[in-house]
Amino acid sequence: MQSAKDSLYASPLGEISAFTFDESVVKVFPDMIQRSVPGYSTIISAIGLLAARFAKDNSVCYDLGCSLGAAALAMRQNITAKNCRIVAVDCSAAMVEQCQQNLLATPGGVDIELVCADIRNIQISNASVVVLNFTLQFIPLADREAFLASIYRGLLPGGVLVLSEKLAFEAADQQTVQTEMHHLFKKAQGYSELEISQKRSALENVLIPETFAAHQQRLKAAGFASAEVWFQYFNFASMIALK
Ligand code: GEK
């Protein structure tokens with residue numbers, strides 16, 4: 001996916017408004033996520049492999065908070081199950097509009113239905129794969145338990161939830177070091193100190209990270225048989241929860 005360079009936070013901003021997934025973000029999104037989330041491309045490729053392993057004949061694979069459709073497209077490239085379809089959902093109209101263009105530009109075997117909706121309000125059913133790739137972190141804390149329980153109910157036995165999140169750490173020294181390493185990662189990707197600090201302010205109270213222990217506990221409470229990290233790069237991790 002081609003993308004303009006992200007320079008949204010490059011100049012000093014008097015007042016920093018809360019981060020939203022609007023048109024200006026959509027224009028630079030592939031560059032922004034690639035240079036901000038350590039391991040993003042590795043995770044997208046692995047979502048394709050996981051879909052190949054878990055997608056069942058006659059079932060549905062969900063990409064919740066799909067943005068521009070990277071995970072849905074990776075799944076489409078790898079699914080070999082028969083009569084399978086993908087449902088990709090995002091509540092940002094600007095994202096969905098650009099995602100539609102991306103899907104049309106790269107046609108493939110499995111149908112992708114694109115829905116503009118709040119993922120808390122959609123019915124998950126007959127699912128073999130559900131992907132939440134850096135999306136749960138934007139859902140209010142109070143809604144996360146019920147939301148994951150509804151995903152669990154919609155999954156078929158043997159189904160998988162792939163949950164990727166920015167993590168928080170219980171131990172203060174870990175929190176400090178992991179945050180610092182993420183900032184060093186962003187600097188190495190060409191972001192300035194000003195860009196890093198203004199973006200951090202914009203995401204305050206918008207992106208709410210939790211510890212791996214909190215995620216694991218909630219996933220188990222929702223009914224998942226097990227939940228483990230399969231990938232971590234500093235404070236960004238991807239988990240596999242099995243029904
Ligand atoms: C990727 N998964 O490229 N309902 C629907 N969509 C939502 C909601 C909600 N309640 N809250 C946030 N979103 C993608 C990357 S980005 C992660 C996901 C990031 C959407 C929001 O509009 C945005 O498109 C996406 O979740 C989060 O693999 O930018 O850090």
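Since this is a predicted model, take the numbers as computed values, not measurements. First listed ligand is number 1; within each ligand, the first listed atom is number 1.
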* Asked: Looking at E180, H182, Q174, E165, which hits side chain to side chain contact (heavy atoms under 4.5 Å, CB included) with N235?
  -> H182

* **Co-members of I208 in a cluster of I, L, V, M, F, W and Y side chains, linked at under 4.5 Å** => L141

* To do: Check the surroundings of atom CD in Q189: do more than 12 heavy atoms from other residues, nucleotides or ligands lie under 6.0 Å from it?
  => yes

* To do: Return yes when A117 approaches ligand 1 closer than 4.0 angstrom through a heavy atom, no otherwise.
  => yes

* Asked: At a 4.0 Å threshold, what atoms of ligand 1 neighbour a non-hydrogen atom of Q137?
  -> 30 (O)

* Structure fact -> If you compare P140, A88, A71, S67 by their heavy atoms, the one closest to atom 16 (S) of ligand 1 turns out to be S67

* To do: Could you tell me whether the side chain of Y233 and the main chain of Y40 form a donor-acceptor pair under 3.5 Å?
  => no

* Heavy-atom count around E97 CD within 6.0 Å, excluding the residue itself: above 12? -> no

* Which one of A72, G65, C91 has a non-hydrogen atom at the shortest distance from atom 5 (C) of ligand 1? -> C91

* To do: Show which atoms of ligand 1 fall inside a sub-4.0 Å distance from at least one heavy-atom site of M95.
  => 24 (O)

* **N/O donor-acceptor pair under 3.5 Å between D90 side chain and S67 backbone** => yes

* To do: Assess V89 for proximity to ligand 1: is some non-hydrogen atom of it under 4.0 Å away?
  => no

* Structure fact -> Quick note on ligand 1: atoms under 4.0 Å from a heavy atom of S92 include exactly 22 (O)

* Asked: Side chain, backbone, both or neither: which part of L68 has a heavy atom under 4.0 Å from ligand 1?
  -> neither

* To do: Using distance alone, decide if ligand 1 has a nitrogen or oxygen within less than 3.5 Å of any nitrogen or oxygen in I44.
  => no

* Asked: Will you find, in the side chains of S164 and N133, an N or O donor that is under 3.5 Å from an N or O acceptor?
  -> yes

* Among side-chain atoms of N83 and D57, is any donor-acceptor pair under 3.5 angstrom? -> no

* Structure fact -> Within 4.0 Å of some non-hydrogen atom of F134, the atoms of ligand 1 are 16 (S), 17 (C), 18 (C), 27 (C)

* Flag I119 as yes when one of its N or O atoms lies below 3.5 Å from any N or O atom of ligand 1, and as no otherwise. => yes

* **Ligand-residue contact atoms, ligand 1 with F138, heavy atoms, under 4.0 Å** => 12 (C), 17 (C), 19 (C), 27 (C), 30 (O)

* Asked: Any salt bridge between R120 and D143, counting N to O under 4.0 Å?
  -> yes

* Under 3.5 Å: N/O of D63 near N/O of ligand 1 -> no

